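Presented below is the structure to which this report refers.
Heads up: numbering here begins at 1 and tracks the sequence. On a predicted model such as this, the values are computed, not experimentally measured, just so you know.
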Amino acid sequence: FILCSNADVPVRLDQDDRRFLVPQVTEGKRHKAEWEVFYLWLAGGGYGIIAAWADAFVQEHGHVRAGDEAPSTTRKRHLIEDSHSAEEHAVADLAMALADHAGTAGGQAVLVVNDVVEWLASGHQNRFKPSIIRGWLEKAGLHVSGDRLRAEGRMSYVAGVAPVRGKGWPELRAYHRKPADLVQM
């Protein structure tokens with residue numbers, strides 16, 4: 001399939017998408033005379049030139065096989081970023097602020113995922129499940145605990161700048177930061 005659109009975000013792509021090749025194409029309009037020359041070139045052997053190029057490319061690089069990933073492009077990375085909701089961007093900003101804080105505080109800082117859920121709900125209309133927030137925090141580069149911990153008196157996952165798996169809340173409590181202390185919405 002070839003999909004074409006003038007929309008900035010014609011299709012929502014996930015961070016881990018492997019299916020779509022998203023090239024950047026020129027947006028400059030060509031003059032009618034240039035198209036006439038191009039069509040004459042095609043009719044005068046251009047199709048054969050393109051087919052020979054494609055054949056040589058396949059000979060050198062091989063066919064696209066089932067399971068092969070579409071290459072990443074700058075435009076695809078921009079489309080993926082533009083596909084994120086305002087809430088995803090807010091969580092990514094929060095993760096970046098936590099990492100900045102950890103850099104000045106000895107290398108570790110943690111968030112309680114339930115705190116992030118409540119912080120996000122206070123500034124946006126939607127209330128997201130902790131599993132969604134965990135995924136966004138991981139995509140933003142944080143390490144999420146494998147199990148829920150009793151953090152601040154309730155069961156919740158914990159996300160840290162440095163790995164948190166295998167650690168308990170008593171070990172992590174000193175590194176705990178509240179979202180509102182890191183980022184203003």
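Glu118 pairs by the salt bridge (Lys or Arg N to Asp or Glu O under 4.0 Å) definition with Arg154, not counting sequence neighbours. When the side chain to side chain contact (heavy atoms under 4.5 Å, CB included) test is applied to Lys178, the partners found at least two apart in sequence or on another chain are Asp115, His176, Asp181. Scanning for ring pair (Phe, Tyr, Trp, His ring centres under 6.0 Å) contacts around Phe128 gives Trp136, with sequence neighbours left out. For Lys129, the side chain to side chain contact (heavy atoms under 4.5 Å, CB included) criterion is met by Ser131, Ile132, not counting sequence neighbours.
Across every non-hydrogen atom of Ala92 and Ala140, the tightest pair is CA-CB, 4.1 Å. What you find for Glu171 and Gly166 is that their closest heavy atoms are OE2-O, 4.3 Å. Summarising the geometry of Ser72 relative to Arg77, their closest heavy-atom pair is OG-NH1, 3.1 Å, with the distance given to 0.1 Å. When all heavy atoms of Ala180 and Trp119 are compared, the closest pair comes out as N-CD1, 3.8 Å. Shortest non-hydrogen contact noted between Val161 and His143 is O-CD2, 2.9 Å.
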Apply side-chain contact (heavy atoms from CB on, under 4.5 Å) to residues Asp14 and Ile80 and explain how you reach the verdict. CA-CA 6 Å; Asp14 290 328; Ile80 289 169; over 6 Å; no
Trp169 and Val112: side-chain contact (heavy atoms from CB on, under 4.5 Å), yes or no, with the steps? CA-CA 10 Å; Trp169 183 243; Val112 174; 3.7 Å; yes
How far apart are the C-alpha atoms of Leu172 and Leu149, what are their side-chain angles, what is the distance that settles it, and do they pass the side-chain contact (heavy atoms from CB on, under 4.5 Å) test? CA-CA 10 Å; Leu172 299 171; Leu149 306 173; 3.9 Å; yes
The test is side-chain contact (heavy atoms from CB on, under 4.5 Å); show your working for Val158 and Val113 and say whether it passes. CA-CA 6 Å; Val158 174; Val113 172; over 6 Å; no
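Rounding to the nearest 0.5 angstrom, the gap separating the CG atom in Leu42 from the CH2 atom in Trp35 is 9.5 Å. Annotation: the span from Leu182 atom CG to Met96 atom CE amounts to 12.5 Å, rounded to 0.5 Å. The distance from atom CG of Asp16 to atom CD of Glu69, rounded to the nearest 0.5 Å, is 9.5 Å. To the nearest 0.5 Å, atom NZ of residue Lys167 and atom CZ of residue Arg173 are 16.0 Å apart. Here the OG atom belonging to Ser83 is positioned 11.0 Å from the CG atom belonging to Asp8, to the nearest 0.5 angstrom. Put simply, CG on Leu94 and CG on Leu120 are 9.0 Å apart, with the number rounded to the nearest 0.5 Å.
Leu98 and Leu137 fall within the same hydrophobic cluster, where Ile, Leu, Val, Met, Phe, Trp and Tyr residues are linked whenever their side-chain heavy atoms come under 4.5 Å apart, directly or through other members. Residue Val116 is grouped with residue Val144 when hydrophobic side chains (ILVMFWY) are merged at heavy-atom distances under 4.5 angstrom, including chains of intermediate members. Using a 4.5 Å cut-off between side-chain heavy atoms of Ile, Leu, Val, Met, Phe, Trp and Tyr, with links allowed through other members, Tyr39 and Val37 fall into different hydrophobic clusters. Side-chain heavy atoms closer than 4.5 Å link hydrophobic residues (I, L, V, M, F, W, Y) into clusters, and following such links, possibly through other members, connects Tyr157 to Val117. A single hydrophobic cluster is seen to contain both Leu13 and Leu3, as judged by linkage of ILVMFWY side chains at heavy-atom distances under 4.5 Å, directly or through other members.
Each of Asp17, Thr74, Val22 was evaluated against Leu79; a single residue qualifies, Val22, per the side-chain contact (heavy atoms from CB on, under 4.5 Å) test.
Proximity of a side-chain donor or acceptor of Glu138 to a complementary backbone N or O of Gly135 within less than 3.5 Å is not detected. Judged by distance alone, the side chain of Asn114 and the main-chain N or O of Pro130 form no donor-acceptor pair under 3.5 Å.
Checked for salt-bridge contact, Arg75 and Glu81 miss the test: no charged N lies under 4.0 Å from a carboxylate O.
A donor and an acceptor atom, one from each side chain of Ser145 and Arg165, are nowhere located under 3.5 Å apart.
Heavy atoms of other residues, nucleotides or ligands lying less than 6.0 angstrom from NE2 of His61 number more than 12. Around CG of Asp68, the count of heavy atoms belonging to other residues, nucleotides or ligands within 6.0 Å exceeds 12.
The stretch residues 96-107 participates, sequence neighbours left out, in these side-chain hydrogen bond (donor to acceptor under 3.5 Å, both in side chains) pairs: His101-Arg177.
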Could you give the side-chain donor-acceptor pairs of residues 45-60 under 3.5 Å, partners two or more places apart or in another chain?
none

